[in-house]
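We number each residue from 1, following the sequence as shown.
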Amino acid sequence: MFLLGFTWNPDDTIFKLGVLQIKYYNLLWIIAFAVGWYLMKQVFLREGRSREQLDSLFIYTVLATMLGARLGHVFFYDWAYYSQHLAEILLPIREQAGSSLFGIINGYEFTGFTGLASHGAAIGVIIGMYLFTRKHKSFNMLWVLDRIVIPVSLGAFLVRLGNFFNSEINGKITDASFFLATRFVRDSDDMPAGEAMHITGERTPEAAYRALTDDPQFAEQLQAIPYRHPAQLYEGLLYIGVFAILYWLYWKTSKGQRPGYLFGLFLVLLWSIRFVVEFVKKSQGGFEDTLGYLSTGQWLSIPFVLLGLYFMFRPQKSASHA
């Protein structure tokens, strides 16, 4: 039956032009920012704000999101590695024996900006909006946060779609008969690139993974790769619902005029979804082995949900202005 137990093996790179590589993941990030700018443009037009202010907000948002997401991954999930590879924290490269970066620097490969954590992105955006309102004093921080969470929630869907193309943040093993059960051929645990190259005799990961699905002689090895929950899709599709709710509340109700409410609702909905989906997501590392019971993502989600509840139900003062 359609969408029951399918094999997923896309090349994460759309095309290469010399040293330039365009990857689905990076492209979807760009689309997320572009759509976010468009949505905020409609908000700024509605509320009489200038294009110059919007452009400034856009720059703060992009920098805060990318820096926060990257540093969040580094410190929350993989500090043991990055503490020994400091140059890789803010550069789109990774140490890899036998690789050559742009044919110049041996021992490294170009990865694009992978290794980004949504919890870090959330913290980065909050800090970025604080700095934005410090510079543009005509803006109230909650006014900005209540509106920016609308495009952010849609951007979160696009990022998870990028994770799906990358075959990363996959779910736990499930039966092939489960709806959307996916065999991720490129799962780094189930079939590392080195193992795929060893099995097929191919010299590049791309050729090896393609051989696994296209060459019948490797059918047994392909069948040994388990089906997993596509946790990225579960999460991303639910984020579309968060976007729809926030968009409707802002444009069709008075909730957008209650300072902090939409921001709080965003925190509660998005991080509750993340908390639940973590139950079918395989471990992403971090500090869960120390604390136990919950995953790293779940522990990090709890403070955001509590903060969201505070902003939703805190006593309201007199109306504040943007």
Next on the checklist: Contact between Leu249 and Leu262 at the side-chain level, heavy atoms closer than 4.5 Å - yes or no?
Outcome noted: yes
Checklist entry - Parallel under 30°, tilted from 30 to 60°, perpendicular over 60°: which one fits the rings of Trp29 and Phe33? => result tilted
Item to check | Ring centers of Phe139, Phe132 separated by less than 6.0 Å | outcome: yes
Checklist entry - Do the side chain of Glu235 and the main chain of Ile273 share a donor and acceptor less than 3.5 angstrom apart? => result no
Checklist entry - Would you call the rings of Phe165 and Tyr24 parallel, tilted or perpendicular, where under 30° means parallel and over 60° means perpendicular? => result parallel
Checklist entry - Between Glu47 and Arg147, is there a side-chain N and carboxylate O pair less than 4.0 Å apart? => result yes
Next on the checklist: Donor-acceptor pair, distance only, cut-off 3.5 Å: does the side chain of Arg274 make one with the backbone of Leu300?
Outcome noted: no
Item to check | Modelled atom types, side-chain donor and acceptor of Asn9 and Arg210, under 3.5 Å | outcome: no
Checklist entry - Aromatic rings Phe304 and His119: how do their planes relate, parallel, tilted or perpendicular, breaks at 30° and 60°? => result tilted
Next on the checklist: Test your reading of the model: is there a side-chain donor-acceptor pair from Tyr130 to the backbone of Met141, 3.5 Å cut-off?
Outcome noted: no
Item to check | Result of checking Lys281, Lys282, Gln232 against Asn170 for side chain to side chain donor-acceptor pair (under 3.5 Å) | outcome: Gln232
Checklist entry - Looking only at side chains, do Ser254 and Gln257 share a donor and an acceptor under 3.5 Å apart? => result no
Checklist entry - Which word best sums up how the rings of Phe6 and Trp8 line up, parallel for under 30°, tilted for 30 to 60°, or perpendicular for over 60°? => result perpendicular
Checklist entry - Between Arg186 (side chain) and Pro10 (backbone), is there a donor-acceptor pair under 3.5 Å? => result yes
Next on the checklist: Is it the case that the side chain of Gln298 and the backbone of Phe275 share a donor-acceptor pair, with hydrogens and angles ignored and the cut-off at 3.5 Å?
Outcome noted: yes
Checklist entry - For the side chain of Ser153 and the backbone of Val149, is there at least one donor-acceptor N/O pair under 3.5 Å apart? => result yes
Next on the checklist: Is any side-chain heavy atom of Arg49 closer than 4.5 Å to one of Leu54?
Outcome noted: no
